[in-house]
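Just below is one structure, and these are the notes that go with it.
The first residue of the sequence shown is numbered 1, and numbering continues consecutively from there.
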Amino acid sequence: MGIIIPILTFVILLLTRVSHAASKPRVILVGGSDGSWKVPDSHNNSLNHWAEKNRFKVGDILVWKYDAKVDSVLQVTKEDYASCNTTKPLKQFIDGDTKLELEHSGLYFFISGAPDHCVKGEKITLLVLSERNSGGGNRGWSDEGSPKVSPYNSPSTTPAPAPNAAVGLKVGSGVFLTAVAIGLAMA
């Protein structure tokens with residue numbers, strides 16, 4: 001009987017962790033608002049400053065809202081990002097309502113396809129955390145620290161989450177307390 005209680009508690013915690021990981025993807029509006037994909041009005045208002053304050057994970061869906069008549073979004077290599085080279089993008093988006101799922105961890109580089117916009121600062125670098133690195137401490141996620149996000153098929157979007165969220169169960173969560181109570185009751 002003594003070994004069953006810790007195993008039962010572990011299984012409950014494990015199932016809770018798995019259900020948390022299977023949540024729907026977050027839809028994140030680049031820059032935090034419509035029309036943010038533009039030449040910044042100051043160095044302190046750049047998209048990279050916004051990206052540095054947020055955490056992105058595999059499966060998140062980025063959304064750019066912009067005037068397709070005058071701008072576009074190009075996903076490029078690190079070298080093309082640094083030189084603002086628009087001639088050979090990895091991906092090109094021209095629809096004004098661009099959606100891109102972050103499929104892997106690592107760095108992503110995006111620049112404007114409009115003439116001279118990139119050299120004026122209309123570009124962004126995103127660091128996407130891997131699942132194993134997004135957990136714990138200040139680097140992960142929680143229901144309380146994450147934004148209220150829309151399902152993939154919803155037209156509404158939200159800004160990225162605050163960087164100080166934590167993954168997994170918190171001591172104050174109902175599931176954690178239930179698992180502890182079951183474990184103590186069976187002891």
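- Considering every non-hydrogen atom in both Gly96 and Ala68, the closest pair reads N-CB, 3.7 Å.
- A distance of 5.5 Å separates CZ in Arg26 from NZ in Lys57, rounded to the nearest 0.5 Å.
- Surrounding CG of Leu90 are more than 12 heavy atoms belonging to other residues, nucleotides or ligands, all under 6.0 Å away.
- Of all non-hydrogen atoms in Lys88 and Asn85, the two that sit nearest each other are CE-ND2, 3.7 Å.
- Under the 4.5 Å side-chain criterion, counting only non-hydrogen atoms from C-beta, Phe109 is not in contact with Leu74.
- Counting only heavy atoms from C-beta outward, the side chains of Asp97 and Lys65 approach each other to under 4.5 Å.
- Looking only at side-chain heavy atoms (C-beta outward), Trp37 and Ser112 come within less than 4.5 Å of each other.
- When all heavy atoms of Ala114 and Val70 are compared, the closest pair comes out as CB-O, 3.3 Å.
- Val39 and Trp50 are not part of a single hydrophobic cluster, where members link through side-chain heavy atoms under 4.5 Å apart.
- In this structure, a donor-acceptor pair under 3.5 Å is present between the side chains of Tyr81 and Thr125.
- Taking the ring axis of Phe110 as reference, the NZ or CZ atom of Lys123 does not stay both within 45° of it and closer than 6.0 Å to the ring centre.
- Donor-acceptor pairing under 3.5 Å is recorded for the side chains of Tyr66 and Thr98.
- Annotation: the span from Cys118 atom SG to Ile124 atom CD1 amounts to 12.0 Å, rounded to 0.5 Å.
- Side-chain contact between Ile28 and Phe56 is present, with at least one heavy-atom pair separated by less than 4.5 Å.
- The shortest heavy-atom contact between Asp60 and Arg55 is OD2-O, 4.3 Å.
- Considering every non-hydrogen atom in both Val58 and His104, the closest pair reads CG2-C, 3.6 Å.
- Atom CD of Glu122 is separated from atom CG of Leu47 by 7.5 Å, given to the nearest 0.5 angstrom.
- Rounded to the nearest 0.5 Å, atoms CG (Leu126) and CG (Leu100) are 9.0 Å apart.
- The closest side-chain donor-acceptor pair between Asn48 and Ser46, if any, does not fall under 3.5 angstrom.
- Side-chain contact between Ser36 and Leu29 is absent, with no heavy-atom pair separated by less than 4.5 Å.
- Looking at Val63 and Val30, their side chains never come closer than 4.5 Å, going by heavy atoms from C-beta outward.
- Atom-to-atom distance recorded for Glu103:CD and Ile61:CD1 is 10.5 Å, nearest 0.5 angstrom.
- From Leu62, atom CG reaches atom CG of Leu102 across 4.0 Å, with rounding to the nearest 0.5 Å.
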